[in-house]
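In what follows, every heavy atom counts, from backbone to side chain, and hydrogens, waters and symmetry copies are set aside. Every chain is numbered from 1, with letters handed out A, B, ... down the list of sequences.
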2 protein chains.
Amino acid sequence: MKVSREQAELNRERVLDAAARLFRERGFPGLGVADLMKSAGLTHGACYGQFESKEDLMVQACQRGFEQTAEWMSGAGDRSPDPLKALISKYLSPAHRDAQGGGCIAAALVTEATREGPDVQHAFTEGVETLVDTLAEFVQNGSKRERRLQAMAVFASMMGALMLARAVDDETMSKDFLRAVKSELLES
Amino acid sequence: MKVSREQAELNRERVLDAAARLFRERGFPGLGVADLMKSAGLTHGACYGQFESKEDLMVQACQRGFEQTAEWMSGAGDRSPDPLKALISKYLSPAHRDAQGGGCIAAALVTEATREGPDVQHAFTEGVETLVDTLAEFVQNGSKRERRLQAMAVFASMMGALMLARAVDDETMSKDFLRAVKSELLES
DNA sequence: ATTATCTATAGATCTATAGATAATGC
DNA sequence: ATTATCTATAGATCTATAGATAATGC
């Protein structure tokens, strides 16, 4: 039953990765501790050896998810003459829309984060800050503050479009949301 | 215990109004049937005389909420020389941010709607369609399709900014999200 | 007689903990 | 000896239903 300290750490990592993915797919209240631990190949009792509470788990899963999203974002822009446009195209693609568990964690959990306690909300805030920083590096013109505000506007617009594209059950309308915001952002 | 048919209908309306408000505030899984009925002054057993299931209730609460939001939107634009700009300013105000229960239902429940069954998702889709129609009437230039795409882009951008402004626990950043998208939308 | 609502409860599910188990690490 | 994980379970909560109750509507 007991495993090596090294294996225990690997297990904890596996739980966190599963949590970061499954919370995005099902939301915070939609994923129970037992289900999550089972996905990582453990029983639910083991959760409380690794984490203080479900809230602690949500906080750490947010941090993990934002790290992944930030990496995904900077990766999308790299090796492109206009990294911001490259990222916008990737963010607003049907592929991203259909891969909620591996996509932008902000788009997957904004409203749910608002309904959780201050610790989750704070982890979420810090994550958003990181994403805005990442995006701001891709903005070409303007003062530092202008670039940051520009990044915030681009991020909010993309996120809104992605979420609406996911929420509607009409494929045409869904693609139109992606297209509409994409052409709006790529023009300016 | 029994009330008049007329009173029963009033009760049902009161339940629906409470549901439309409380689901926006707490999310679908966050509001239980017992709590909701108590808010309307009834016991939870009465719910199943008025609605088939919690899902049925969610569907009807969505319809009610979207009606209210559509009215709120067209009201915001009326009696203004540029109704679209008037609406954008109202939508992206701190007052709207702080009044989630009475504000845009799409911004309050997008992600949660995605996690519910097809009936809720369809009610949500129809509601979004109504809001886009309302917004499209305020767009001045372009063909019908261009005006509609423009309305979709404006809606997605506003919604994303409002949700991020609600999610972060830093007042400066929150206001910056509103400001950033507002100036972006009002310029063009 | 009909029926809107209430009371009581079934059955499922969820977070969290206590104590047992068995392999690690000294 | 320590401890990561498991088993079992407590206690709370949630949706839904059955049957009782009492006022309406004929």
Could you state the atom-to-atom distance from [atom1] of [X] to [atom2] of [N] in whole Å?
X: A:K38; N: D:dT5; atom1: NZ; atom2: C1'; value: 17 Å
X: B:Q50; N: C:dT3; atom1: CD; atom2: C1'; value: 13 Å
X: B:E9; N: C:dT5; atom1: CD; atom2: P; value: 10 Å

request  = Under 3.5 Å for both distances, Watson-Crick or G-U wobble, that's the pair rule; now give the dot-bracket for DNA chain D, with | marking pairs to another strand and [ ] for crossing ones.
outcome  = ||||||||||||||||||||||||..
ask   = B:T111 and A:T111: side-chain donor and acceptor closer than 3.5 Å?
value =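 Short answer, yes.
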ask   = Regarding A:R12 and A:Q60, is there a side-chain donor-to-acceptor distance under 3.5 Å anywhere?
value = yes
Is the number of heavy atoms from other residues, nucleotides or ligands under 6.0 Å of [X] [atom1] greater than 12?
X: A:E13; atom1: CD; result: yes
X: B:Q7; atom1: CD; result: yes
X: A:E137; atom1: CD; result: no
X: B:E6; atom1: CD; result: no
X: B:E52; atom1: CD; result: no

message = Parallel, tilted or perpendicular: which one describes the rings of B:Y91 and B:W72, with boundaries at 30° and 60°?
response =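 Ring orientation of B:Y91 relative to B:W72: perpendicular.
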Run the salt-bridge test on [X] and [Y] with the 4.0 Å N-O cut-off and return the result as yes or no.
X: A:R24; Y: A:E112; answer: no
X: A:D176; Y: A:R179; answer: yes
X: A:D170; Y: A:K175; answer: no

message = So, does B:N11 get its side chain near the phosphate of C:dT5, meaning an N or O under 4.0 Å from OP1 or OP2?
response =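 The answer is yes; a side-chain N or O of B:N11 sits under 4.0 Å from OP1 or OP2.
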task = Give the B/S/- string for nucleotides 10-18 of chain D, one per nucleotide from 5' to 3', where a protein heavy atom under 4.0 Å of the base yields B, of only the sugar-phosphate yields S, and otherwise -.
result = -----SBB-
message = Within the 4.0 Å limit for protein heavy atoms, which parts of nucleotides 20-26 of chain C are touched? Write it as a string from 5' to 3', B for base, S for sugar-phosphate only, - for none.
response = -BSBBS-
request  = Give A:Q7 one of three labels, base, sugar-phosphate or nothing, depending on what nucleic acid heavy atoms sit under 4.0 Å from its own.
outcome  = nothing
